[in-house]
Structure formats: structure tokens, C-alpha cells
2 protein chains.
Amino acid sequence: MAKHDPDLSLLFHALADPTRRSILTRLAETPARVTDLAGPTGLRLPTVMRHLSVLEEAGLITTSKDGRIRTCAIVPEALDPARTWLDEQRAIWEARLDRLDAFVMNVMKEGEE
Amino acid sequence: MAKHDPDLSLLFHALADPTRRSILTRLAETPARVTDLAGPTGLRLPTVMRHLSVLEEAGLITTSKDGRIRTCAIVPEALDPARTWLDEQRAIWEARLDRLDAFVMNVMKEGEE
DNA sequence: GCCATAGTTAGCAATATGGCTAAGCATGAT
DNA sequence: ATCATGCTTAGCCATATTGCTAACTATGGC
């Protein structure tokens, strides 16, 4: 049951920003409030909110509000589609490398003229 | 031989675009000319050139020009930093999950006393 | 030389991104 | 009730991204 959109573009885009990655590693320690997350970044609240919504839309975090406090937490399995894609690519790329070796050697041999 | 910056932001950003990912999977089959890569995308040459330079700056591909033909090829190990980061995160995230489990169990146990 | 091919460069337009301030709303403490 | 806290919304600005066309360079074939 895929609740979150596993769209790779959303996922990779969310991971492409250092602020967002630092938020994720911070959340890896423990869930945190929005203000707690903003602190280390040195950014203003609305800016952090924006990053959080990007992370949430990518399915990387969930948030819930209790009173006036919104608590954010990671969604560990959200990384899986990215990992899977990378693993698939590596498999394909490496398989091709063997063929490429042969190709390069051939070209180099012909280039000796 | 210019070492490419393994910057995760560049890397993830490059992977965040479907066109670029399709170019990569195309290149996984075999090296190809710029025109060959442009064909399947339905995009114009300059646009594809742009995508290629993003991929090259991220270290994901190398290109070389022979006569008027530029040949592009994947750089398999370029994915490693991304894979490594994902693996690290997963380890940390899962480690925290265990602690969270313990915490929850502890709370539940105390609640029974 | 002439011309088609392959790529490149320059520049335009629309949209997205990432930061901000200012003002608003809801909640908890006094 | 009042006020501080925590978040939210609206809107502004600068820059980046992604597409395009048009014009240019460079190479290879005839």
C-alpha cells in the first residue's frame, strides 16, 4: 500500500538541498518541533516551513499537530525508492562495464595507427 | 583528469529530473552521441545539451569529442556518494527506531506498574 | 569549394526555488 | 482577559531551472 507518492523526482529533489538533508539528519536523532528544527539552520520559520512541506510532500517526514506544537518525524521507508533505483542502476551500469571494457580495448587497438 | 565534485546536492539535483534519469538509463545500455540522446526525449538539442552539462557537472557522465561527434558515457562510481549517504541514513534511522521501540515499551511497562 | 551534419552559443520567456518581512491565528500560561 | 508562544499565510525579491529559437562554428563528404 503506497500511501506516499514514491515519485523519484520529488524524492531526489527533496534530498538535493543541504538544509533539508540537515533537517533529516537532525530528525534521525529524535522527532522535533518546527522551532527546534529552525534553530540550527539559522533560517526563519517560514523558510523552514517551506522546506518541511517539501520533505513532507516527498514522503520523507510526517508531521502532526498537538495544541500549537507541530511535531515532525522521519519516515524511514521513504528512502527505499531512491535506494532501489540506485541499486538497479548500479547493477545495469556495472553489467555494461564489462562490455565497455571489451569495446575500449578494441578501440585502443585500432587507434594505434 | 579533473576530479568531479561528489557534492550530494549536485548529485541529487541531477537525478531529480526525469529527462536526465532517462538519459542515464539510455546511456547505461551504451555510450551515445548527443543527437542520439536527444531523439527519444523529444527535446531540442540545446535543451539536451543543458541536461548533459548538468549530468557532467554532477560527475555522472563523461563526454569526449571526436571530430564533430561528442560521445557521452556513464561514470558508474558517480552514484556511490548517493548510495553511501542513503545507506548511512537508513542505518541511523533504523537505529533510532529501535531506541524508540525500547522507549515505548518502557513507557508501557511503567504504565502497568 | 560547397553543402549537409553535429554541435555550440546567445538570448528569450515562463516557472520554480529559496530566502525574507509583516501580519494573522490558535493555544497555553498568568 | 491578556499576553507570549508557536505556527501559518501572504506576498515580495533575487536567482535558478527548463524549455525554446536563431545564429554560429566546425567537420566530413562530394
Side-chain angles (χ1 to χ4, degrees), chain A residues 5 7-27 30-74 82 107 110-111 113, chain B residues 2 5 7-27 30-74:
Chain A
D5 187 347
D7 188 320
L8 284 175
S9 298
L10 279 180
L11 202 45
F12 282 131
H13 171 68
L15 296 177
D17 185 280
T19 297
R20 286 194 288 268
R21 287 197 305 277
S22 76
I23 289 177
L24 286 179
T25 54
R26 163 65 188 79
L27 284 178
T30 170
R33 301 177 307 159
V34 175
T35 308
D36 293 338
L37 293 173
T41 65
L43 299 174
R44 301 294 185 173
L45 265 189
T47 306
V48 172
M49 290 285 298
R50 206 77 195 275
H51 284 301
L52 290 178
S53 70
V54 170
L55 288 171
E56 192 167 15
E57 278 178 31
L60 284 162
I61 67 172
T62 49
T63 75
S64 60
K65 200 165 182 181
D66 180 21
R68 49 182 170 166
I69 293 178
R70 177 171 298 281
T71 301
C72 308
I74 50 173
V107 169
E110 290 177 358
E113 332 181 290
Chain B
D5 189 347
D7 187 317
L8 284 174
S9 298
L10 280 180
L11 202 46
F12 282 132
H13 171 68
L15 295 177
D17 185 281
T19 298
R20 287 195 288 269
R21 287 198 306 278
S22 77
I23 288 177
L24 285 179
T25 53
R26 164 63 187 79
L27 284 178
T30 171
R33 303 177 304 158
V34 175
T35 309
D36 292 337
L37 293 172
T41 66
L43 299 174
R44 299 294 183 173
L45 264 189
T47 305
V48 173
M49 290 285 297
R50 196 91 181 158
H51 284 300
L52 291 178
S53 70
V54 170
L55 289 171
E56 192 167 16
E57 279 177 30
L60 283 162
I61 67 172
T62 49
T63 74
S64 61
K65 201 163 178 181
D66 180 20
R68 49 184 171 163
I69 293 178
R70 177 172 298 281
T71 301
C72 308
I74 52 175

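Labels below follow one simple rule: chain letters A, B, ... track the order of the sequence lines, proteins then strands, and each chain is numbered from 1.
- One finds a side-chain N or O of Thr47(B) lying less than 4.0 angstrom from the OP1 or OP2 phosphate oxygen of dC20(D).
- Checking dC20(D), dG18(C), dG7(C) against every side-chain atom of His13(A), the shortest atom distance belongs to dG18(C).
- At whole-Å resolution of the value, NE2 in His51(A) and C1' in dC20(C) are 12 Å apart.
- In this structure, Thr71(A) contributes its side chain and Ala32(A) its backbone to no donor-acceptor pair below 3.5 Å.
- Comparing dC20(D), dT5(C), dA26(C) by their nearest atom to the side chain of Arg68(A) picks out dA26(C).
- Atom CG of Leu52(A) is separated from atom P of dT9(D) by 13 Å (rounded to the nearest Å).
- With the nearest nucleotide of DNA chain C identified for both Leu43(A) and Lys65(A), Leu43(A) has the one nearer the 5' end.
- Arg20(A) and His13(A) get closest at one heavy-atom pair: NH2-O, 3.1 Å.
- In this structure, a donor-acceptor pair under 3.5 Å is present between the side chains of Ser9(B) and Arg21(A).
- Comparing Pro46(A) and Asp17(A) by the nucleotide of DNA chain C whose heavy atom lies nearest to each, the residue mapping closer to the 5' end is Asp17(A).
- Atom-to-atom, CG of Asp66(A) to P of dG6(D) comes out at 14 Å; the value is rounded to the nearest Å.
- In this structure, CE of Met49(A) is placed 19 Å from P of dA23(C), rounded to the nearest angstrom.
- For the pair Leu45(A) CG and dA10(D) P, the interatomic distance rounds to 17 Å; values are reported in whole Å.
- Spacing between atom CG of Asp36(B) and atom P of dA6(C) amounts to 9 Å, rounded to whole angstrom units.
- Here dC12(C) presents its C1' atom at 16 Å from CZ of Arg44(B), a figure rounded to the nearest Å.
- Closest non-hydrogen pair, Thr63(A) versus Cys72(A), comes out as CG2-SG, 3.8 Å.
- Distance Phe12(A) CZ to dA16(C) P: 22 Å, rounded to the nearest Å.
- Here the side chain of Arg33(B) is nearest to one of dG7(C), dG6(D), dG19(D), namely dG7(C).
- As judged by a 4.0 angstrom heavy-atom cut-off over every strand, Arg50(B) is placed among the base-contacting residues.
- Side-chain contact between Leu24(A) and Ile61(A) is present, with heavy atoms from C-beta onward closer than 4.5 Å.
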